[in-house]
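These figures come from a predicted structure and were not determined experimentally.
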4 protein chains.
Amino acid sequence: MEAQKKLTRAEQKALRPIQILDAAFEEFVRCGFAGTRVEDIADRVGVTKGTVYVYFETKEALFEAMINHFSVPFQQLLAITESLSGSVTERLTSILGLLYDQIAEDRTTRELTRLVIAEGHRFPDLIDRHHDQFIEPVTAKVDALIVEGVASGEFREVPVEFSDIVVAPILTTTVLRLIFDDRRVPTPNKEAFLRVYFDLLFNGLLTKPR
Amino acid sequence: MEAQKKLTRAEQKALRPIQILDAAFEEFVRCGFAGTRVEDIADRVGVTKGTVYVYFETKEALFEAMINHFSVPFQQLLAITESLSGSVTERLTSILGLLYDQIAEDRTTRELTRLVIAEGHRFPDLIDRHHDQFIEPVTAKVDALIVEGVASGEFREVPVEFSDIVVAPILTTTVLRLIFDDRRVPTPNKEAFLRVYFDLLFNGLLTKPR
Amino acid sequence: MEAQKKLTRAEQKALRPIQILDAAFEEFVRCGFAGTRVEDIADRVGVTKGTVYVYFETKEALFEAMINHFSVPFQQLLAITESLSGSVTERLTSILGLLYDQIAEDRTTRELTRLVIAEGHRFPDLIDRHHDQFIEPVTAKVDALIVEGVASGEFREVPVEFSDIVVAPILTTTVLRLIFDDRRVPTPNKEAFLRVYFDLLFNGLLTKPR
Amino acid sequence: MEAQKKLTRAEQKALRPIQILDAAFEEFVRCGFAGTRVEDIADRVGVTKGTVYVYFETKEALFEAMINHFSVPFQQLLAITESLSGSVTERLTSILGLLYDQIAEDRTTRELTRLVIAEGHRFPDLIDRHHDQFIEPVTAKVDALIVEGVASGEFREVPVEFSDIVVAPILTTTVLRLIFDDRRVPTPNKEAFLRVYFDLLFNGLLTKPR
DNA sequence: CATGAATGAGGCTTCATTCAT
DNA sequence: TATGAATGAAGCCTCATTCAT
């Protein structure tokens, strides 16, 4: 309140939609699309229902705008992966570590995943976006590295197109945190988790490989 | 239809609540808790709203009863695992194969997972049940096998308490199917998937283990 | 209340939609389509808003159903006109007298005319119905009689297709009553009005016809 | 557009309220009082809602101001009628011709009539104005001419106070155009219409007057 | 004057729930 | 048991109106 009073009208106006989108994120995550009341979103911002409708035509439009707003910061990660150097193992390790930060540790991405799972039925665009911006790029990147590793002799001859399996522990952590959120199942320690994850991924369980 | 006509009236009536639970499953899966209309459930059974309330006090009670109804058949799987014999590797393979059938391939369990993720917030019991009946037993079983494998020298010295990583590809397949349902991302071929999964799990990616 | 309690459920149910249509007529006439509150219609019947929506999907559907409900009893009049006998003058007189009763004196038809004028823009069907059921049949009938009168020599050679002029005093009375409703402009005495109307229609104003 | 660009800012501002009244006329005619949105009126002028409220306190005040604005030009016609000369028949013919132009052919008067019929309930002043400025003067004038015609022997002994009947074809044309607006029922050709109208009015239908 | 963000009362509509039959 | 008419609370959305800039 104090801080906001110093803002000019113009600044306020530019801020409003973002404030609303932030509030919408929290409420939609908490209650799902159907369960969320537009008034609760407004309350969170400190405005009235009507104000929300000044910026967004319908609850549905607000939901979609919110998803778009929070779906951006994945591009950066993909850019970083291009600049990596070192052995394939090193690069794959780096990428999976970054993915862990992005998908499992970042609350926003995590909750976005919840919404994709919960509301995908009613928002097919949501699924397409999610696929094109998240799943496909990651899959492509990991696949490419595996191919490279196999070609260079660093990796064994494993069939490609199953990069899901490689990435699986990350998505699984995300989902378990979504479900239990530190309740019942503790959030794993990142360092320890990655150590075991990579150890298993690269070396396998067996003492003597077949 | 044919079969039902032969039922006596008494049998019909004993069937009602189950028909309602089945219909409730479909609708809650399709629309989520808040988005589902009791009337749509009734329509699916071919009765009127009132009838639903003869058997279930509230929509919430119906939701919980539905979850309970569809959460049963996991016990069997756990029982089977007790009767397995062979090396630890063989037994782990068997169990993971069964889990794949149960979690990734079985539509009911899959959709139950969706509901846990989507509605867990508002139904804490749901999460507790899910933990006690699904996660904990599986985790315990897999952990026990790993401990056994390490003790017997069959497995390398891997830290326990990370059985999530071992099971991850199964849950990941489940979640990807929930999201994409054969749209955009094809459902993997079971045999091929398991082959790669087990190959990676036991042997790791590297040609020469560190 | 007293009387209604004796009705069975089934009778009540059959009555409800008609009660609602009656109430809707009064409210829509009083406030127009946009100005009418569904709740006021419900109040008039003694039920709650929800009940109205049990029978009619939307306010718009209710409006249209109401128009249809009150647009019926015009057919009878047209039937009567077929059975008339006597000179053309006598028959025309009879018909115009009946029309006066139907259009100018009958409150329902009068108010329906108000709605056609006021709401026709937004309900094009309304105008088509009104044309097909009211205007066209009357016009055709009057035209036919004039043609017959001219043919028989009873009437002067007047151009046809201007039966509007013949009927005009009736519609004008309707409209003036709609506007002033006994306020400012008194409702004319029917007998006196018809006498002058017919005198003028048949004989004209001039002492010595041209 | 061209013309407006040459206006000084001061002239522009003096124009504003009239532009708003013009826009209000169109919208109120199109949607009625309750159905019209102040914003649509503003849009039509190319300003924002707030501007409308600079000039008019409420939507209701705007409606009334609009009615007043468009109700003026009838005085002129009445003035003209004073200066006519010739036989009563000639003068009556002239007056009815002018009335036809004013009431049936002039879109503004026609739509004003629609508003009187549609909104009169909620704006009693509207009805009073309409009576005092339109109905009463016309009625008085026509009545006076009939009295004069009867006195001079030009007209038959018809009862006075039924000038409505004489004017009816004009109002009827107005109303039919309001309802059908060239849809379904074609607008009559003015010359032909007036010829038949006057022929009937002065000579009546019958070959041999009674 | 003009703006347009914000308000908040109020209308339409939905739907979980009840209850007399 | 089953019905379905009725309820009424509550949600989405609209829009006349205000006011700081």
Side-chain angles (χ1 to χ4, degrees), chain A residues 8-10 12-17 34-42 45-62, chain B residues 9-10 12-14 16-17 34-42 45-62, chain C residues 8-10 12-17 34-42 45-62, chain D residues 9-10 12-14 16-17 34-42 45-62:
Chain A
T8 66
R9 265 277 154 125
Q12 271 279 24
K13 146 114 208 199
L15 225 51
R16 258 305 115 81
T36 290
R37 290 153 27 95
V38 172
E39 188 155 23
D40 285 342
I41 295 172
V45 180
V47 296
T48 58
K49 265 180 306 183
T51 303
V52 174
Y53 284 94
V54 169
Y55 295 93
F56 302 96
E57 294 234 317
T58 61
K59 184 181 168 182
E60 205 161 307
L62 172 56
Chain B
R9 197 152 300 183
Q12 273 279 24
K13 294 198 171 169
R16 258 303 118 81
T36 291
R37 294 152 29 97
V38 173
E39 186 156 25
D40 285 342
I41 295 172
V45 181
V47 298
T48 57
K49 270 187 296 185
T51 305
V52 174
Y53 283 90
V54 170
Y55 296 95
F56 303 95
E57 290 245 313
T58 62
K59 183 181 169 183
E60 206 160 309
L62 172 56
Chain C
T8 66
R9 263 278 154 124
Q12 271 279 21
K13 146 115 209 197
L15 223 53
R16 254 313 110 82
T36 291
R37 290 152 27 97
V38 172
E39 186 155 25
D40 285 341
I41 295 172
V45 180
V47 297
T48 59
K49 267 180 304 183
T51 303
V52 174
Y53 284 91
V54 169
Y55 296 93
F56 302 95
E57 293 236 314
T58 61
K59 184 180 168 183
E60 206 161 307
L62 172 55
Chain D
R9 197 152 299 180
Q12 273 280 24
K13 294 198 172 170
R16 253 312 111 82
T36 291
R37 292 151 31 96
V38 172
E39 188 157 22
D40 286 343
I41 294 173
V45 181
V47 297
T48 59
K49 271 188 294 184
T51 304
V52 173
Y53 282 90
V54 169
Y55 295 95
F56 303 95
E57 291 244 314
T58 62
K59 184 180 168 183
E60 205 160 308
L62 172 56

**Asked** Among E:dC12, E:dA2, F:dA6, which nucleotide sits nearest the side chain of D:Arg16?
**Response**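 From the listed options, E:dA2 comes nearest.
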Value in whole Å for how far the [atom2] atom of [N] lies from [atom1] of [X]:
{"X": "C:Leu15", "N": "F:dA5", "atom1": "CG", "atom2": "C1'", "result": "14 Å"}
{"X": "B:Leu62", "N": "E:dT17", "atom1": "CG", "atom2": "C1'", "result": "13 Å"}
{"X": "A:Glu60", "N": "F:dC13", "atom1": "CD", "atom2": "C1'", "result": "14 Å"}
{"X": "D:Glu39", "N": "F:dC13", "atom1": "CD", "atom2": "P", "result": "17 Å"}

| task | Please identify each residue that fulfils salt bridge (Lys or Arg N to Asp or Glu O under 4.0 Å) with A:Glu60, with sequence neighbours left out. | result |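 Result, salt bridge (Lys or Arg N to Asp or Glu O under 4.0 Å) vs A:Glu60: none returned.
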Applying salt bridge (Lys or Arg N to Asp or Glu O under 4.0 Å), can you list everything that pairs with A:Glu57, at least two apart in sequence or on another chain?
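With sequence neighbours excluded, A:Glu57 shows a salt bridge (Lys or Arg N to Asp or Glu O under 4.0 Å) to no residue whatsoever.
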Annotated structure of DNA chain F as dot-bracket, pair cut-off 3.5 Å, Watson-Crick or G-U only, | for inter-strand, is .||||||||||||||||||||
Using the side chain to side chain contact (heavy atoms under 4.5 Å, CB included) rule, take A:Val45 and A:Thr51 through it: C-alpha gap first, then chi angles, then the decisive distance, then the call. CA-CA 10 Å; A:Val45 180; A:Thr51 303; over 6 Å; no
Checklist entry - Atom CZ of B:Arg37 and atom NZ of B:Lys49: how far apart are they, to the nearest 0.5 Å? => result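 It comes to 7.5 Å.
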Taking only residues two or more places apart in sequence, or in another chain, which ones meet D:Tyr53 in a side chain to side chain contact (heavy atoms under 4.5 Å, CB included)?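 In terms of side chain to side chain contact (heavy atoms under 4.5 Å, CB included), with neighbours along the sequence ignored, D:Tyr53 is linked to D:Val38.
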Scanning both residues in full, the closest heavy-atom pair of D:Phe56 with D:Pro17 reads CZ-O, 4.1 Å
What one should report as the nearest heavy-atom pair of B:Val52 and B:Ala42 is CG2-CB, 3.8 Å
Sorted by number, residues from residues 47-59 of chain C placing a heavy atom under 4.0 Å from DNA chain E are C:Lys49, C:Tyr53, C:Thr58, C:Lys59
Next item on the list: Select from A:Arg37 and B:Gly46 the residue whose nearest nucleotide in DNA chain F is closer to the 5' end of that strand.
Entry: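 The residue closer to the strand's 5' end, by nearest nucleotide, is B:Gly46.
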Validation row: B:Arg16, B:Val54 side chains within 4.5 angstrom (heavy atoms):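 Of all side-chain heavy-atom pairs linking B:Val54 with B:Arg16, none is under 4.5 Å.
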